[in-house]
Amino acid sequence: MEESPDKLISGELALNVTVNNETFLRAIFGVAFSQAHVTSFREDPGNIPSGRQGLCWAGGSFGDSPLLPDSNQFYAVSLFNKDENGRSRRRKAEFLACYVIGCLASTILAGRRQL
């Protein structure tokens, strides 16, 4: 009998799914995935050389800015319209829609209280 690529882990079914950048962005932004603002760079995000921070963090829309392989890759949780010069920029004036809201659930171990 051939083994299924799916595994049963801790009572839950874990699917063997390959996800690349495009499928990840499509899952979040749907048909607007190519508008997702992304950036990638090979420098250590906590130690970018002086003068390169703006270049590293600037990024652009996924459709216009290919991500570097073997790099640090980031995406913005919102979509933005292009500015008057046709550039993809993360600015309040160009805000289009927010697609991701994150929530951090913390537990204070000392008192065993949940926030």
Side-chain angles (χ1 to χ4, degrees):
M1 183 171 164
E2 191 173 317
E3 185 177 323
S4 168
D6 303 336
K7 304 278 187 232
L8 193 60
I9 301 173
S10 300
E12 294 183 21
L13 188 61
L15 300 177
N16 184 8
V17 178
T18 301
V19 177
N20 62 25
N21 290 320
E22 184 176 327
T23 56
F24 176 80
L25 294 173
R26 277 182 187 271
I28 295 170
F29 299 104
V31 296
F33 79 96
S34 65
Q35 291 177 262
H37 196 94
V38 297
T39 190
S40 64
F41 50 88
R42 292 193 174 101
E43 289 84 354
D44 175 351
N47 193 25
I48 299 172
S50 181
R52 290 212 20 98
Q53 292 92 347
L55 179 64
C56 288
W57 289 111
S61 62
F62 181 69
D64 298 333
S65 302
L67 294 170
L68 300 171
D70 300 319
S71 65
N72 297 298
Q73 300 177 351
F74 301 89
Y75 77 101
V77 299
S78 301
L79 291 182
F80 298 86
N81 292 309
K82 294 194 179 202
D83 67 12
E84 63 277 354
N85 298 317
R87 291 183 57 203
S88 178
R89 300 178 59 108
R90 297 179 320 271
R91 300 283 185 264
K92 184 177 179 179
E94 281 80 36
F95 175 81
L96 179 62
C98 181
Y99 279 72
V100 177
I101 302 293
C103 178
L104 177 62
S106 297
T107 302
I108 301 173
L109 295 177
R112 299 275 189 224
R113 289 189 341 204
Q114 289 191 356
L115 298 177

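Position 1 is the first residue of the sequence, and the numbers go up from there. Both backbone and side-chain heavy atoms feed into the values below; hydrogens, waters and symmetry mates do not.
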Query raised in the report: Should Asn21 and Val38 count as side-chain neighbours, where that means a heavy-atom distance under 4.5 Å?
Result: no
Query raised in the report: Is there side-chain contact between Pro45 and Trp57, with heavy atoms separated by less than 4.5 Å?
Result: yes
Query raised in the report: Would you find a donor on one side and an acceptor on the other, under 3.5 Å apart, between the side chain of His37 and the backbone of Ala58?
Result: yes
**Report entry** Distance, nearest 0.5 Å, that separates CZ of Phe41 from CD of Gln53
**Finding:** 10.0 Å
Query raised in the report: Any chain of hydrophobic side-chain contacts (each under 4.5 Å) joining Ile28 to Leu79?
Result: yes
Report task. Output yes when a side-chain donor or acceptor of Asn72 lies under 3.5 Å from a complementary backbone atom of Glu43, and no otherwise. Result -> yes
Report task. Using salt bridge (charged side-chain N to carboxylate O under 4.0 Å, His left out) as the criterion, point out the one residue from Arg89, Lys82, Arg87 that pairs with Asp64. Result -> Lys82
Query raised in the report: Do you know the tightest heavy-atom contact between Gly60 and Ser88?
Result: C-OG, 3.8 Å
Report summary line: Closest non-hydrogen contact found for Gly59 with Ser65 is C-OG, 4.2 Å
Query raised in the report: Considering all heavy atoms of both residues, which atom of Thr23 and which atom of Val19 are nearest to each other, and what is their separation?
Result: OG1-CG1, 3.4 Å
Query - Tyr99 with Phe80, same ILVMFWY side-chain cluster at under 4.5 Å - result: no
Query raised in the report: Are Phe24 and Tyr75 close enough that their ring centers fall under 6.0 Å?
Result: yes
Query raised in the report: For Thr39 and Arg90, what are the C-alpha separation, side-chain angles and deciding distance, and is it a side chain to side chain contact (heavy atoms under 4.5 Å, CB included)?
Result: CA-CA 11 Å; Thr39 190; Arg90 297 179 320 271; 5.6 Å; no
Query raised in the report: Would Leu68 end up clustered with Ile48 when hydrophobic side chains under 4.5 Å apart are linked, directly or stepwise?
Result: no
**Report entry** Atom pair OG/CD of Ser34 and Glu22 - distance to nearest 0.5 Å
**Finding:** 9.0 Å
Query raised in the report: Atom CZ of Arg42 and atom CG of Asp70: how far apart are they, to the nearest 0.5 Å?
Result: 6.5 Å
Requested in this report: Return yes when atom CG of Asn20 has more than 12 non-hydrogen atoms of other residues, nucleotides or ligands closer than 6.0 Å, and no otherwise.
Outcome: yes
Query raised in the report: According to a 4.5 Å side-chain heavy-atom criterion applied to Ile, Leu, Val, Met, Phe, Trp and Tyr, with indirect links allowed, do Val77 and Phe33 form part of one hydrophobic cluster?
Result: yes
Report task. Verify the cluster assignment for Phe95 and Val100: are they in a single hydrophobic cluster under the rule of side-chain heavy atoms below 4.5 Å apart? Result -> no
